[in-house]
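FYI, the numbering just counts along the sequence from 1. Atoms considered below: every heavy atom in the structure, side chains included; atoms not considered: hydrogens, waters and symmetry mates.
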Amino acid sequence: MRHNKTGRQLGRNSSHRKAMFRNMVTSLFEHGKIKTTDAKAKELRKIAEKLITLAKRGDLHARRRALSYVRSRDVVEKLFGEISGQFGDRPGGYTRIIKLGNRRGDNAPLSIIELVSEPCEPKVKKAAPVS
């Protein structure tokens, strides 16, 4: 039984999966978007959003935690500089997954995962009707 075992295994052992997601999240922050399969994109979204939330904190401990996952200092600088400033007032939902269709060779569903670029509009609460 798989009780309380979240996340997809993706046909890989844990060390391969961890290395793959480290590389993918580094590429996502470096280039802004990457093309991958749907299952990998959905798992990558969890990691990327946690790292952006960490970067929004901006303190030394958060930077060291990000450096322990993303090993490229340049990408962490970009994450804490540009990307965290871009999402300063957004409460979540920093990434977008766009489905592309199926890959020609093995019919795997492909998608693009990208960082959202438009600003967040604040939610306006409607006033209750006065009776």
Side-chain angles (χ1 to χ4, degrees):
M1 286 183 273
R2 293 192 73 244
H3 296 304
N4 296 327
K5 296 184 187 304
T6 60
R8 294 168 178 86
Q9 292 182 357
L10 301 171
R12 291 162 172 82
N13 60 27
S14 60
S15 60
H16 185 182
R17 205 169 37 248
K18 186 175 180 182
M20 179 185 67
F21 283 127
R22 278 181 167 182
N23 291 331
M24 287 176 74
V25 79
T26 302
S27 297
L28 176 65
F29 291 145
E30 188 175 0
H31 301 292
K33 65 180 177 179
I34 58 172
K35 181 177 169 183
T36 183
T37 62
D38 285 351
K40 289 180 194 171
K42 288 175 183 178
E43 286 298 310
L44 182 63
R45 166 183 269 177
K46 297 175 188 177
I47 298 165
E49 299 221 355
K50 285 177 185 174
L51 284 171
I52 292 172
T53 303
L54 203 62
K56 283 172 58 176
R57 274 187 22 204
D59 57 349
L60 181 62
H61 182 58
R63 187 176 295 263
R64 286 180 175 162
R65 283 181 58 193
L67 272 168
S68 73
Y69 199 84
V70 180
R71 296 289 172 89
S72 173
R73 287 190 180 271
D74 297 333
V75 173
V76 172
E77 278 297 319
K78 183 176 179 181
L79 175 64
F80 275 75
E82 297 172 27
I83 297 173
S84 67
Q86 179 182 350
F87 298 119
D89 56 345
R90 183 180 284 269
Y94 312 117
T95 58
R96 173 187 300 129
I97 296 176
I98 302 169
K99 299 193 183 227
L100 294 177
N102 293 341
R103 188 162 45 203
R104 186 169 182 191
D106 59 355
N107 210 29
L110 290 179
S111 60
I112 291 177
I113 181 168
E114 63 184 4
L115 298 174
V116 176
S117 58
E118 66 266 359
C120 177
E121 291 111 24
K123 296 198 177 197
V124 179
K125 292 185 178 180
K126 295 181 181 177
V130 179
S131 311

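Note on Ile113 and Leu100: separate hydrophobic clusters, where clusters join Ile, Leu, Val, Met, Phe, Trp and Tyr whose side-chain heavy atoms are under 4.5 Å apart, directly or indirectly.
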In residues 46-56, what donor-acceptor pairs under 3.5 Å come from side-chain atoms, sequence neighbours left out?
from  : atom 1 : to    : atom 2 : distance (Å)
Lys46 : NZ     : Glu43 : OE2    : 3.2
Glu49 : OE1    : Gly93 : N      : 3.4
Glu49 : OE2    : Tyr94 : N      : 3.2
Glu49 : OE2    : Thr95 : N      : 3.3
Glu49 : OE2    : Thr95 : OG1    : 2.9
Thr53 : OG1    : Glu49 : O      : 2.9
Lys56 : NZ     : Phe87 : O      : 3.4
Lys56 : NZ     : Arg90 : O      : 2.6
Lys56 : NZ     : Tyr94 : OH     : 3.0

Without placing hydrogens or testing angles, list every side-chain donor-acceptor pair under 3.5 Å for residues 25-35, not counting sequence neighbours.
from  : atom 1 : to    : atom 2 : distance (Å)
Thr26 : OG1    : Arg22 : O      : 2.7
Ser27 : OG     : Asn23 : O      : 3.1

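Here the side chains of Ser117 and Gln86 are in contact, with some heavy-atom distance below 4.5 Å. Looking at Arg103 and Thr37, their side chains come closer than 4.5 Å, going by heavy atoms from C-beta outward.
Taking all atoms of both residues into account, the shortest heavy-atom contact from Phe80 to Ala66 is CE1-CB, 3.6 Å. Of all the heavy atoms in Met24 and Thr36, the pair that sits closest is CE-OG1, 3.5 Å.
Note that CD1 of Ile98 is 6.0 Å distant from CD1 of Ile112, once rounded to the nearest 0.5 Å. We find the CZ-CG distance between Arg104 and Leu110 to be 13.5 Å, quoted to the nearest 0.5 Å.
Panel note: side chain Arg17, backbone Arg12; a donor-acceptor pair is recorded below 3.5 Å.
Within the structure, salt bridge (charged side-chain N to carboxylate O under 4.0 Å, His left out) pairs that include any residue of residues 66-77 comprise Arg63-Glu77 (at least two apart or interchain).
Every residue two or more places apart in sequence or in another chain was checked for a side chain to side chain donor-acceptor pair (under 3.5 Å) with Thr6, and none qualifies. The side chain to side chain donor-acceptor pair (under 3.5 Å) check on Arg96 picks up Glu114, Glu118, with sequence neighbours excluded. Evaluation of the side chain to side chain donor-acceptor pair (under 3.5 Å) rule for Asp59 yields Arg57 as partners, not counting sequence neighbours.
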